[in-house]
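Below is one structure, written out as structure tokens; the observations come after it.
This chain uses plain numbering: 1 for the first residue, then up along the sequence. All values below come from the heavy atoms of this structure, side chains included, with hydrogens, waters and symmetry mates left out. Just so we're clear, the structure is a prediction, and the values are computed from it rather than from any experiment.
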Amino acid sequence: MGWRERRTMATLIRADERLTTAILGLKLANPVLVASGPVSDSLPQIQRALNAGAGGVVTKTIYVGDKENIIERVKKGPAGVFNSTTYSRVKLEQWLRTLAVLAEQDAPVITSIYAHSPEQLGNLALRIVEAGSRALEIGVSCPNGASQQVADWRLVGRYAAAVRKAVDVPFSVKLAAVSGLLENVKASIGEGSHAISLSDALPSVLVDFEHRRLAFGGPVAYSGPAIKPIVLHSIYELRQAGITCPIFGIGGVGSASDVLEYLEVGANAVQLYTMLMTSGIELLSEITGDLSAWCKKEGVTTQQLIGAALPGASA
């Protein structure tokens, strides 16, 4: 039995038209997506997330350059998670076969990609789209990445331009809520990006004071509930600055109320990952079920809530 035919509670929730939305050319049953990470690193994992109630899934980042010799580790902190995870270790040929299957199923999947240079990224984007991918997310801000020179808006623009030149499918650029964000967003949009994914994990260090060293040997990524107010503020600032493109809100999503906060401050959809690691994939069904119940009680759709908390929004 295929993933589309399994009649579960998530299937019933997907039928709730109050939650439906569209972004990057994809029609989504709800605005809650699984973000790029180990949970979205294979066909079975992606299908499991969709069965659990996700409106869509972003694949783990496909990268064809020289992969760094990094031991991927995760450590929970009091209000978030430190990690040294990077790119998918699945070979490109296997990913191309997986994407072809997902295309046949018309699955709402966004393919995350990265390469060491804009030219390499354009070539990778072309192969991914030829395999059937209908939407892309360009990861250029991961603190654990191979080449994090993209704090410069000029390079962000070059990455976006390379993808736009190579393919004609919609794509989002994933950025971090750090200094220079507005310039990076403007460069991305100016070179053809259709949306922004905000925020990638933030750069951090974890100190092992007992052994007088950095716990991961250097800077790592930090995600989870602690970064949510920072990301909400960044989305607010972008909307106040006149940025109108769709935004994926990412950071600390673990409940329907988190989703509502992101929507009301101006996000069009959300992505979650860290809370799935701590609570399990079943969290997706809980969030979408609670979101459906809340919208029914209030007599609203999720589309009507986008930007509702911003200054000047109609009550």
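- Gln271 and Glu137 are linked by a side-chain donor-acceptor pair at a separation below 3.5 angstrom, with hydrogens and angles left out of the test.
- When Val129, Thr59, Val58 are each tested for a side-chain contact (heavy atoms from CB on, under 4.5 Å) with Leu136, only one passes: Val129.
- A donor-acceptor contact under 3.5 angstrom links the side chains of Gln45 and Ser42, judged on distance only.
- With rounding to the nearest 0.5 Å, the separation of CD1 in Ile281 from CG in Leu276 is 5.0 Å.
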* Please test Leu124 against Leu92 for side-chain contact (heavy atoms from CB on, under 4.5 Å), starting from the C-alpha separation and ending with a verdict. => CA-CA 9 Å; Leu124 176 59; Leu92 176 59; 3.9 Å; yes

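- In this structure, Val140 is a member of the same hydrophobic cluster as Leu198, with clusters built from ILVMFWY side-chain heavy atoms closer than 4.5 Å.
- With hydrogens and angles ignored, the 3.5 Å screen pairs no side-chain donor or acceptor of Arg239 with any backbone N or O of Gly242.
- A distance of 8.0 Å separates OG of Ser255 from CE of Met275, quoted to the nearest 0.5 Å.
- Put simply, the side chain of Thr21 reaches to within 4.5 Å of the side chain of Gln303, judged on heavy atoms.
- Ile306 and Phe248 fall into different hydrophobic clusters, where Ile, Leu, Val, Met, Phe, Trp and Tyr are joined by side-chain heavy atoms under 4.5 Å apart, directly or via other members.
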* With salt bridge (charged side-chain N to carboxylate O under 4.0 Å, His left out) as the test, would you mind laying out the steps for Arg48 and Glu282 before giving the verdict? => CA-CA 10 Å; Arg48 184 183 177 211; Glu282 296 77 13; 3.7 Å; yes

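- A side-chain donor from one of Ser292 and Asp16 sits under 3.5 Å from a side-chain acceptor of the other.
- The closest side-chain heavy-atom distance from Lys165 to Glu191 is not below 4.5 Å.
- No side-chain heavy atom of Ser199 sits under 4.5 Å from any side-chain heavy atom of Ile230.
- Rounded to the nearest 0.5 Å, atoms CD1 (Ile128) and CG (Leu96) are 5.5 Å apart.
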* **Audit row: Ile113, Phe171, side-chain contact (heavy atoms from CB on, under 4.5 Å) steps and yes/no** => CA-CA 10 Å; Ile113 60 174; Phe171 67 94; over 6 Å; no

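- Using cut-offs of 30° and 60° for the angle between ring planes, the Tyr87 and Tyr114 rings count as parallel.
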* Test log, rule side-chain contact (heavy atoms from CB on, under 4.5 Å), inputs Trp153 and Lys186 -> CA-CA 8 Å; Trp153 61 268; Lys186 288 181 176 179; over 6 Å; no

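- For the pair Asn83/Val220, no side-chain contact is recorded, criterion being any heavy-atom separation below 4.5 Å from C-beta on.
- Taking both residues in full, the closest heavy atoms of Asn30 and Gly55 are given as OD1-N, 3.2 Å, listed atom of the first, atom of the second, then distance.
- Note that OG of Ser133 is 8.0 Å distant from CD1 of Ile62, once rounded to the nearest 0.5 Å.
- Between the side chain of Ser172 and the main chain of Ser197, a donor-acceptor pair closer than 3.5 Å is present.
- For the residue pair Ser223 and Ala201, the shortest heavy atom distance occurs at CB-CB, 4.3 Å.
- Contact of the Tyr273 side chain with the Ile250 side chain is not registered, since no non-hydrogen atoms from C-beta on lie closer than 4.5 Å.
- When all heavy atoms of Val207 and Leu214 are compared, the pair lying nearest together is CG2-CD2, 4.0 Å.
- Looking only at side-chain heavy atoms (C-beta outward), Leu272 and Ile287 come within less than 4.5 Å of each other.
- A continuous path of Ile, Leu, Val, Met, Phe, Trp and Tyr side chains, each step under 4.5 Å between heavy atoms, connects Val185 with Tyr262, placing both in one hydrophobic cluster.
- Using a 4.5 Å cut-off on side-chain heavy atoms (C-beta onward), Leu24 and Pro246 make no contact.
- Tested against Trp294 for a side-chain contact (heavy atoms from CB on, under 4.5 Å), the candidates Thr302, Val259, Val300 yield a single pass: Val300.
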* To do: Would you sort out whether Val101 and Arg97 count as a side-chain contact (heavy atoms from CB on, under 4.5 Å), showing the intermediate values?
  => CA-CA 6 Å; Val101 172; Arg97 290 191 291 270; 5.9 Å; no

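- The pair Arg134-Asp106 counts as a salt bridge, with a side-chain nitrogen and a carboxylate oxygen less than 4.0 angstrom apart.
- In this structure, Leu155 and Tyr159 have side chains that are in contact, with non-hydrogen atoms separated by less than 4.5 Å.
- When atom types are taken as modelled, the side chain of Asp200 and the backbone of Leu175 share no donor-acceptor pair closer than 3.5 angstrom.
- Taken to the nearest 0.5 Å, the OG atom of Ser188 stands 10.5 Å off from the CG atom of Leu181.
- In plain terms, the two heavy atoms of Gly307 and Ala313 that are nearest each other are O-CB, 3.4 Å.
- The CD1 atom of Ile138 lies 12.0 Å from the CD1 atom of Ile110; values are rounded to the nearest 0.5 Å.
- For CZ of Arg213, the number of neighbouring non-hydrogen atoms (other residues, nucleotides, ligands) closer than 6.0 Å is greater than 12.
- Cluster annotation: Leu283 and Val57 are assigned to the same hydrophobic cluster (Ile/Leu/Val/Met/Phe/Trp/Tyr, side-chain heavy-atom contacts under 4.5 Å, transitive).
- No path of Ile, Leu, Val, Met, Phe, Trp and Tyr side chains, each step under 4.5 Å between heavy atoms, connects Ile23 with Val270, placing them in separate hydrophobic clusters.
- For the pair Ser84 (side chain) and Arg73 (backbone), a donor-acceptor distance under 3.5 Å is present.
- Ser112 places no side-chain N or O within donor-acceptor distance of the main-chain N or O of Lys60, the cut-off being under 3.5 Å.
- Here the closest heavy-atom approach between residue Leu284 and residue Ala49 is recorded as CD1-O, 3.7 Å.
- When every heavy atom of Gly249 is checked against every heavy atom of Ala267, the shortest pair comes out as N-CB, 3.9 Å.
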